[in-house]
J.: 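Supplied in structure tokens, the structure appears directly below.
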Amino acid sequence: MLKDFKKINKQKGAAMLISIVFFLFISLAITSGLVSPSVREFKNANVSLNSKKSFFLSESGSEDAFYRLIKNKPIGTTETITLDSNTATTSITSLGGDTTQITSLGDVSNYERQTSITLSTSTGVSFNYGVQVGQGGINLTGSGTVNGNVYANGPITGDSSAIITGTAISANSPALAAEETNGSGVPTYNVAFGNASATQDIAQSFQVSVESPLNKIQLYIKKTGTPSNATVKIVNDNAGNPGTTILATGTLTASLVTTSYGWVDVTFNSNPLLDTGVTYWLVVDAGTSSTKYYTIGALSNTYADGLGKIGQVGSTWNNTTPSGLDYYFSIYLGGFTGLIQGNSLSQWNQLHVGTISGSAQAHTVNYTNATGNIYCQSGTGNNKSCTYQDDPVYVAFPVSDANMTEWKSEAEAGGVYNGDYSVGWAGATLGPRKIVGNLTVSGGGILTITGTLWVTGNIVLNGGAEIKLASSYGTNDGVIINDGTVVISGGGHATGSGTAGSYLMMLSTSSSTSAMSVSGGAGAVIVYAPSGTITISGGASLKEATGYKIIVSGGSSITYESGLTNNNFSSGPSGSFAVESWGEK
């Protein structure tokens with residue numbers, strides 16, 4: 001019997017398997033199509049995040065270096081900072097002249113970003129008042145106006161038409177001659193301090209022969225590099241060393257000190273009464289840097305009532321090397337009390353200093369109208385009674401003799417022109433240059449200044465002519481310094497570069513009663529005569545005036561601008577940094 005056999009199909013299920021495989025491939029293709037963009041986007045997001053981290057890391061390096069420079073903290077030419085295991089490498093490069101560049105390279109997982117800051121150095125001169133005047137004082141008549149504050153180390157006087165829109169302060173001024181002084185001429189010894197911990201600070205003991213309030217001191221000093229401001233203290237004596245009782249505190253402003261010796265004023269926040277026969281110490285408390293420090297002149301055993309020492313405040317004081325040195329210094333005691341004075345009209349006392357919109361502050365205030373308080377020890381004929389307050393203290397001028405000497409040196413380095421220099425309608429471009437003679441700009445001519453000028457004679461600017469800074473100055477300021485008189489009249493103008501915040505300072509070293517005369521015109525100009533008289537009349541308008549004595553009349557005005565608090569002169573001694581550019585490279 002034959003059996004029936006079925007044929008077994010071994011291909012059964014293959015179609016299903018093939019379908020599954022195809023489905024898997026299709027699924028994988030679809031999944032791949034969906035995942036790849038997501039992975040790509042994730043990768044891009046990670047790159048973007050790391051790039052941003054790198055940028056901010058680079059910014060951190062730049063800011064750290066910038067902070068260290070402006071605060072005179074120790075920093076090398078190359079620095080590396082690490083944040084979250086990532087690094088930024090900062091390099092500091094001199095571009096020549098007064099320009100420094102900070103570049104910072106941030107690196108996060110090999111993604112790099114670089115930023116750059118370009119800095120220019122400047123004198124850091126600050127004009128904090130519309131008018132600052134010396135012991136000669138200021139007189140406002142004939143609608144003379146100061147749109148700003150007035151700080152005088154002498155009397156403030158005026159008639160009923162005078163206007164001061166800010167605060168008027170007349171401080172107690174120092175005697176004209178130093179009470180105690182040591183040193184003149186070229187120092188025999190040069191004592192560096194602030195360059196190491198053991199030589200961080202200096203101290204000089206002294207005594208006074210007249211019982212009188214302390215007003216200011218002077219130091220004959222120079223600097224290396226760009227040290228920070230130093231604190232000056234007057235303290236008691238403790239067994240032949242400086243004590244810890246502080247009688248007065250002031251600031252040695254670094255921008256007033258140059259790389260050459262010069263006398264620099266230091267004023268104090270109070271005027272303590274110094275007694276005769278008592279030993280006091282003048283202490284200069286500086287920072288520490290091997291590349292940024294001060295040097296003071298010294299002589300051997302020349303001051304009978306004191307002794308110089310070196311060391312560190314709060315630590316050890318040592319004798320100088322060689323021992324027995326006395327530093328170059330001068331001590332000025334109180335000379336004259338402050339005064340704000342109007343004119344009285346018979347017994348009615350009706351003619352006052354016209355209007356002081358802020359407060360009036362002086363030891364004595366007479367015949368004055370003030371919107372704010374009147375702070376005084378004595379007064380009469382005022383629109384309100386005196387409110388007691390300690391007398392205002394002497395404030396030093398914002399430019400030192402050392403600054404002026406350095407400006408002269410810079411001008412002379414640009415060449416010397418012998419003879420009078422005249423500019424007419426055709427105009428001229430000049431600077432830096434020393435002119436041994438007079439400078440006259442008239443007849444509608446324009447003199448464009450490209451560098452510091454030093455004129456040994458007189459300066460005349462009239463006839464609608466103009467002296468201006470070149471456009472290359474940008475927001476920086478420039479200087480013309482002269483040893484004679486300055487006359488601006490007949491619509492003559494002196495101005496900055498044309499960029500907002502740029503000013504031209506015209507500075508006369510003359511001690512004449514006619515050191516500077518401005519009648520009509522003026523412009524974006526700062527007039528400065530630390531030893532002479534400035535006369536402003538004929539409706540003249542300028543930005544700031546500083547002088548030993550100032551007379552404002554004839555409807556003239558001084559309109560102070562806030563940018564003057566941080567003037568950045570493009571030449572002269574280095575004291576601070578101005579940011580020229582900041583961005584990614």
Side-chain angles (χ1 to χ4, degrees), residues 130-131 133 136 138-147 161-163 419-428 430-431 435 437-449 453-469 477-496 498 503-561:
V131 168
V133 65
I138 180 172
N139 182 250
L140 296 161
T141 60
S143 299
T145 300
V146 176
N147 292 307
S161 66
I163 297 173
D420 295 340
Y421 192 97
S422 298
V423 178
W425 65 270
L430 186 67
I435 298 173
N438 301 320
L439 171 63
T440 301
V441 185
S442 60
I446 298 176
L447 174 61
T448 302
I449 304 300
L453 295 185
W454 172 19
V455 180
T456 63
N458 303 322
I459 297 176
V460 175
L461 173 61
N462 61 20
E466 181 180 7
I467 299 177
K468 68 175 184 178
L469 298 178
D477 311 294
V479 182
I480 299 177
I481 185 169
N482 79 300
D483 300 323
T485 62
V486 175
V487 176
I488 302 176
S489 62
H493 275 70
T495 187
Y503 305 91
L504 172 63
M505 180 166 69
M506 300 188 72
L507 189 158
S508 171
T509 64
S510 171
S511 58
S512 167
T513 56
S514 56
M516 303 190 82
S517 176
V518 183
S519 177
V525 62
I526 302 166
V527 294
Y528 193 104
S531 302
T533 300
I534 300 173
T535 301
I536 304 167
S537 62
S541 177
L542 55 154
K543 298 304 181 185
E544 204 280 342
T546 297
Y548 174 79
K549 182 176 182 178
I550 298 177
I551 301 170
V552 185
S553 63
S556 297
S557 64
I558 300 168
T559 301
Y560 177 77
E561 294 182 1

J.: Taking C-beta and beyond as the side chain, do Asn482 and Leu439 meet within less than 4.5 Å on heavy atoms?
T.: no
J.: If every non-hydrogen atom of Gly484 is compared with every non-hydrogen atom of Ser510, which pair is closest and at what distance?
T.: O-CB, 3.4 Å
J.: Are any of the side-chain heavy atoms of Trp454 and Asp483 separated by less than 4.5 Å?
T.: yes
J.: Applying side chain to side chain contact (heavy atoms under 4.5 Å, CB included), run through Ile558 and Ile536 and close with a yes or a no.
T.: CA-CA 9 Å; Ile558 300 168; Ile536 304 167; 3.7 Å; yes
J.: Which pair of non-hydrogen atoms, one from Ser161 and one from Ser143, has the smallest distance, and what is that distance?
T.: OG-N, 2.7 Å
J.: With rounding to the nearest 0.5 angstrom, report the CD1 to NZ distance, Ile446 to Lys468.
T.: 5.0 Å
J.: Give the minimum heavy-atom separation between Met506 and Ala494, together with the two atoms involved.
T.: SD-CB, 3.8 Å
J.: Working to the nearest 0.5 Å, report the span between CD1 of Ile449 and CD1 of Ile480.
T.: 4.0 Å
J.: Within a strict 4.5 Å, meaning less than it, do heavy atoms of the Ile435 and Leu430 side chains meet?
T.: yes
J.: Which distance, rounded to the nearest 0.5 Å, do you find between the CG of Leu447 and the CG of Leu453?
T.: 6.5 Å
J.: Please report the shortest heavy-atom distance between Ser508 and Pro530, naming the atom on each side.
T.: O-CD, 3.5 Å
J.: Answer yes or no: is there a side-chain heavy-atom contact under 4.5 Å between Thr509 and Leu507?
T.: yes
J.: Just so I know, are the side chains of Thr546 and Ile526 near enough to count as touching, which here means a heavy-atom distance under 4.5 Å?
T.: no
J.: Atom OG1 in Thr495, atom CD1 in Ile467: separation rounded to 0.5 Å?
T.: 11.0 Å
J.: Using every non-hydrogen atom in the two residues, find where Lys549 and Gly136 come nearest and quote the distance to one decimal.
T.: CG-O, 3.6 Å
J.: Any side-chain heavy-atom pair from Asn438 and Val460 closer than 4.5 angstrom?
T.: no
J.: Does anything in residues 456-466 form a side-chain hydrogen bond (donor to acceptor under 3.5 Å, both in side chains)? List the pairs, not counting sequence neighbours.
T.: Asn458-Thr485
J.: Testing Val479, Asp477, Leu469 for side chain to side chain contact (heavy atoms under 4.5 Å, CB included) with Tyr503, which one passes?
T.: Asp477
J.: Verify, without hydrogens or angle tests, whether Ser557 (side chain) and Thr559 (backbone) share a donor-acceptor contact under 3.5 angstrom.
T.: no
J.: Any side-chain donor-acceptor pair under 3.5 Å between Ser442 and Thr440?
T.: no
J.: Return the OG to NZ distance between Ser541 and Lys543, rounded to the nearest 0.5 Å.
T.: 6.0 Å
J.: If you take all heavy atoms of Ala540 and Ser556, which pair is closest and at what distance?
T.: N-OG, 3.1 Å
J.: Do Ile550 and Val131 have side chains that get closer than 4.5 Å, going by heavy atoms?
T.: yes
J.: Return the CG to OG distance between Leu461 and Ser489, rounded to the nearest 0.5 Å.
T.: 7.5 Å
